[in-house]
Trainee: 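Sharing a structure below in structure tokens format, with a few things to ask.
This structure is a prediction, so every number in the text was calculated from the model and none was measured.
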Amino acid sequence: MKSEDFKSFLRKYKLSKPQAMHLFKFQKTTYHKYTSPKFNEEISDSIALVCDCLEHMGKGKAYRFIKEKLSTHPDKAVRKLKK
């Protein structure tokens with residue numbers, strides 16, 4: 001999985017930067033490396049596996065899973081998932 005695929009995944013589920021960082025458990029530098037237009041990085045296997053599993057689940061189940069994971073974030077604005 002390339003960074004373009006990852007960016008399209010984030011757009012599909014309308015995930016913001018803090019939401020993606022919480023869901024995939026990575027820091028700001030990793031997020032920047034995966035989403036910056038300057039870099040065309042290969043995404044790590046663990047993140048690619050999560051993305052593939054969510055794609056395989058279907059949109060409804062994936063939204064529920066993402067909403068469940070984001071519910072543990074302390075910031076209320078991050079917990080809210082856009083539809």
Trainee: Calculate, to the nearest 0.5 Å, the distance between atoms SG and CG belonging to C51 and L23 respectively.
Mentor: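 With rounding to 0.5 Å, SG (C51) is 8.0 Å from CG (L23).
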Trainee: For D5, which residues count as a side-chain contact (heavy atoms from CB on, under 4.5 Å) partner, sequence neighbours excluded?
Mentor: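 If we apply the side-chain contact (heavy atoms from CB on, under 4.5 Å) test to D5, skipping adjacent residues, the hits are M1, K2.
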Trainee: Side-chain donor-acceptor pairs under 3.5 Å in residues 43-50, sequence neighbours left out?
Mentor:
none

Trainee: How long is the gap from CD1 on I66 to NZ on K14, to the nearest 0.5 Å?
Mentor: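 Result: 11.5 Å between the selected atoms.
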Trainee: Excluding sequence neighbours, so at least two apart, what forms salt bridge (charged side-chain N to carboxylate O under 4.0 Å, His left out) with K7?
Mentor: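 K7 satisfies salt bridge (charged side-chain N to carboxylate O under 4.0 Å, His left out) with E4 once adjacent residues are dropped.
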Trainee: Does the ring center of F6 lie less than 6.0 Å from the ring center of Y31?
Mentor: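 Between F6 and Y31, the centre distance exceeds or equals 6.0 Å.
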Trainee: Quick test of your reading: applying side-chain hydrogen bond (donor to acceptor under 3.5 Å, both in side chains), list the pairs with at least one residue in residues 15-25, sequence neighbours left out, ordered by first then second residue.
Mentor: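 Of all non-adjacent pairs touching residues 15-25, those that pass side-chain hydrogen bond (donor to acceptor under 3.5 Å, both in side chains) are S16-Q19, H22-T72.
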Trainee: For the side chain of R79 and the backbone of S71, is there at least one donor-acceptor N/O pair under 3.5 Å apart?
Mentor: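 Judged by distance alone, no pair lies under 3.5 Å.
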Trainee: For atom NZ of K12, decide whether the heavy atoms of other residues, nucleotides or ligands shown that lie under 6.0 angstrom number more than 12.
Mentor: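 Buried by this count: over 12 neighbours within 6.0 Å.
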Trainee: Do you know which two heavy atoms are closest between F26 and A20, and how far apart they sit?
Mentor: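 Answer, listing the atom of F26 first, then A20: CZ-O, 4.2 Å.
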Trainee: Quick check: are there more than 12 heavy atoms from other residues, nucleotides or ligands sitting under 6.0 Å from CD of E68?
Mentor: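 Not more than 12 within 6.0 Å, no.
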Trainee: Would you please name every residue forming a ring-ring contact (aromatic ring centres under 6.0 Å, His included) with F9, sequence neighbours left out?
Mentor: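 Checked F9 against ring-ring contact (aromatic ring centres under 6.0 Å, His included); matches are Y13.
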Trainee: List for me each residue that meets side chain to side chain donor-acceptor pair (under 3.5 Å) alongside S3, sequence neighbours excluded, and say none if there are none.
Mentor: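 In terms of side chain to side chain donor-acceptor pair (under 3.5 Å), with neighbours along the sequence ignored, S3 is linked to N40.
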Trainee: May I ask you to test the H56-C53 pair for a side-chain heavy-atom distance under 4.5 Å?
Mentor: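 No, side chains not in contact.
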Trainee: Nearest heavy-atom pair of M21 and K28: which atoms, and what distance?
Mentor: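 What the structure gives for the nearest pair is CE-CG, 3.6 Å.
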